[in-house]
Amino acid sequence: MMYGCLGKILHVDLSSQRIWQEEFDEELMRKYLGGRGINSYLLWRELKAGVNPFSPENVIIFGAGTLAATPAPCSGRTEVTFKSPANNAFAKSSAGGHFSAELKLAGYDHLVIHGRADKPVYIWIKDGSVEICDAAHIWGKIISETHDVIYGETHDIDVQIAACGPTAETGSRIAGVMFLHSAAARGGGGAVMASKNLKAVAVRGSGEVPLYDPKAYLNKCIDARLALMEDVGAQSLSKYGTAGITEVINENYSLPSFNFRTGHIDNCYHIGGEALIDKGYLVGRTACNGCPIGCHRFTAISEGKNAGVASGGPEYETLSSLGSGCGVTDTEAVLVGNWICNEYGLDTISAGAGIQFAIECFERGLLNEQDTYGLKLEWGNGQQMIDLLWKIAKREEGLGRLLGEGVHIAAREIGGDAFKYAVESKGIEQSRVETRSAKGYALAFAVNPRSPDHLNTEVYAEFGATSEAKTLIEKITGDEKYAVSTMTEKRAEIVVWHEQCYAVTECLGMCVFSTTLAFGVTPQMMADMFSLATGVQMSEEDIMLAGLRVNTLEKCFNVREGFDRAYDTLPWRMLNEPLPEGPVKGLQNTPEELNGMLDEYYGLHGWDKKTSWPTVAVLKELNLDEQIEELEGKIGA
Ligand code: SF4
C-alpha cells in the first residue's frame, strides 16, 4: 500500500474509447516525487520526438501532487502537461482551485488523455467510475456556461471542471485550460484539449488519501501554515492579492508598459489592487484547496454598459498585460478584457501581448487600417483593446485569427521589423516581468524550457524586498549582499536553487507563492511533510535533488526535440533596447551579459556549454537511465 500518492494513473484513449488504470510504485514516487514530476515522466514516456502537438499522438496529462487533498498548506495546484502547439516544446502549466483534490479523492493521482474523439466529448470521473460523455451541446459554449451544463448533468455543483473555451476550438495556440476562476493558461493546453475534441474533464470524489503518520503529518502541516502566515509576503498576498504589487512595480519603473517600451505608466492607480477595492469592483476573495493565504480575487461590474461582467481576477499579470502593456489605465476596460479571456479561454498574457504588438506595428506602419478592421490603433484606448480582443477571441478572419496564433507567428507573417516588437522567445510571449532590471529573472526566463516567464523559476528573492528574501539569498549565495536584482553575480546559483525548489513545490501539488514568492514553507518543511505523508524518508538534500532530476528530465524532453543553446535567449527588445526612464534608465539585457550568466548556469548543472545539453555523466548521476538510452549518441559523454 502506498501513502500520500495513491499510485494510480488513469488513462483515457479518446480514439478507441479505451479506459484503463496503471499502477505505479514507491520507487517512481521517490524518483519524481509526484504531481509535476510524474506528469513530466509520463510525457517523456508517452511521446516520441517530433510528434505534432495537434495530432492524436500528443497527450494532455492532469496531475495531482503528492500532498493534494491533505492539510498541507496551499496544496490545491493542478499540473497540466503536454507538448506545446505554440512552440513544439515541453509545456507544463498549473492552476489553482480544487480540481486536483477531487481527482485524488476520486481515486487517481494522474489522468493521461490520449487520441482524438470523433465528436466532441467530455470525461466524467466519479469515485473510480469513468464515462466519456457527449459534448456536442456544449461545444462552442463559454466557460461559465460549460460549467453550468455539466453541473446540471452531473447533478452536483461541487464537481470540479477543466475545460477549453471557444477560442481553443478554433486551434488558437494561446488558448489555455480553464478551471473555475483559475487557469493553466500558458503554452496552448486548451488548444491541445480541443484538438482531441475534448471540451472538458469533470471530477468528483469522496475517497481518502492514506497518510503514513497522520498525527505527526498534521502537526507538521500546522507548523508550516503558521510559518507561512508569519511571512510578510504571504500577509501582503492575503490582503491585496497579486494585484497589490502593480503600483509598487510601477514606482520602480519596472512595470511592463507600452509593449515593454518602458517600465512606467501615469495613472497606474486605476489598474492597481486598491482601485479594485475603492471603486467597488472587488466582490469576493477565494482560496485554493488547503490555502491559508487566499490570494484569488473575484470582481464584478454592477452598473453601466458593462453591468453583469463578473470573473475571477484580474491578477497582476492581466492588469499589466491588458492594462499598462496597452497603455490602458481604464479599470473597467481591463475587467471586461479579463472576463473575455476567462470565458473564451485565452491566456491573458499572450492575448495582451498580441494587442500591444499590433498597436506598435500599426504605429510603425507595419499594419494599416485595412489590416485592423478600420481601427486606428493607439496606446491607451480601452475600448479599442476590447474590440481587438473580441476579434482574437472569436478568431475573426485577418488580424484576430493571426494574433490567436501568438506574436511569434504573427511577426513572421507581417514581416519586416515586426519581430522586434514581438516580445517573445522560444515562440511564446514574455510574462509581465521587466527582466532588464532583474537579472536573475532574465536568466530564469531564458532557460525556462517552456517560455520566457516566471512559471518555472520564480526568483523574487533577488529583489531582497523582505528580511525573509534576504535570508534566503544569504542561504543560497553565502551573503545577503547579492539580494540586488540588477547584479549579475550569483544569478546562476540563485536560479538553480529556485528551479529545484519550484519543482519540488509543484511535485507536492503546492503553490509556489508559499515557497518562492513568500518564503514561509522551506524545502526542509516540504521534505518533512513528504516523509510523514508517504513514509518515504527524504532529507532537504534528497528532495532538492529530486527537484533537480525533474528539471533535468524536462530539459531532456526539449533536447530530444532539437532545442539547443540558441533557444535559451530573450526577446529582441530586452537584448537591444535599454529602459528609457526612471532609476532603471539605461539597463538592458545585453547578449554578452546573458551569455556570461548562461555559461555559469550550464556549468553549475554540468551541462555542455556549447549545446546547453546535459551530458551522459550528469544523467547517470541523476538515474535518468531511460533518457540516456534515447539521447546517447546525440549528447556528450
Ligand atoms: S496563494 Fe493564491 S494561488 Fe496560491 S494556493 Fe493560495 S489562493 Fe491559490
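As the structure lists them, so they are numbered: ligands from 1, and atoms in each ligand from 1.
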Colleague: Please list the nearest protein heavy atom to atom 8 (Fe) of ligand 1 with its residue and the distance rounded to 0.1 Å.
Modeller: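 Result for atom 8 (Fe) of ligand 1: Cys288 SG, 2.3 Å.
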Colleague: Provide, to 0.1 Å, the distance between atom 7 (S) of ligand 1 and the closest protein heavy atom, together with that atom's residue and name.
Modeller: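 Sorting protein heavy atoms by distance from atom 7 (S) of ligand 1 puts Cys295 N, 3.4 Å first.
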Colleague: Would you please determine whether Arg77 falls within less than 4.0 Å of ligand 1 on a heavy-atom basis?
Modeller: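 In this structure, Arg77 qualifies as a contact of ligand 1 - some heavy atom is under 4.0 Å.
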Colleague: Does ligand 1 have an atom under 4.0 Å from some heavy atom of Gly96?
Modeller: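 Gly96: no contact with ligand 1 (<4.0 Å).
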Colleague: Do the side chains of Arg36 and Glu554 get close enough for a salt bridge, i.e. N-O under 4.0 angstrom?
Modeller: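 Salt bridge present between Arg36 and Glu554.
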Colleague: Regarding Cys511, does it place an N, O or S atom less than 2.8 Å from atom 4 (Fe) of ligand 1?
Modeller: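 Cys511 does place an N, O or S atom closer than 2.8 Å to atom 4 (Fe) of ligand 1.
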Colleague: Please name the residue in the list His110, Glu506, Lys92 that meets the side-chain hydrogen bond (donor to acceptor under 3.5 Å, both in side chains) test with Asn39.
Modeller: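 The option that passes is His110.
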Colleague: Does Glu208 CD have over 12 foreign heavy atoms under 6.0 Å away?
Modeller: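 No, the 6.0 Å shell around CD holds no more than 12 heavy atoms from other groups.
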Colleague: Assess whether a salt bridge exists between Glu540 and Lys475, defined as any Lys/Arg side-chain N lying under 4.0 Å from an Asp/Glu carboxylate O.
Modeller: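 Salt bridge between Glu540 and Lys475, a charged N being under 4.0 Å from a carboxylate O: yes.
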Colleague: Give a yes/no verdict on whether any heavy atom in Gly294 is under 4.0 Å from an atom of ligand 1.
Modeller: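 Per 4.0 Å heavy-atom rule, Gly294 contacts ligand 1.
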Colleague: Checking side chain to side chain donor-acceptor pair (under 3.5 Å) for the pair Tyr281/Thr331: CA distance, chi angles, key distance, verdict?
Modeller: CA-CA 9 Å; Tyr281 295 123; Thr331 318; 5.7 Å; no
Colleague: Regarding Cys291, does it place an N, O or S atom less than 2.8 Å from atom 6 (Fe) of ligand 1?
Modeller: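 Yes, since at least one N, O or S atom of Cys291 sits under 2.8 Å from atom 6 (Fe) of ligand 1.
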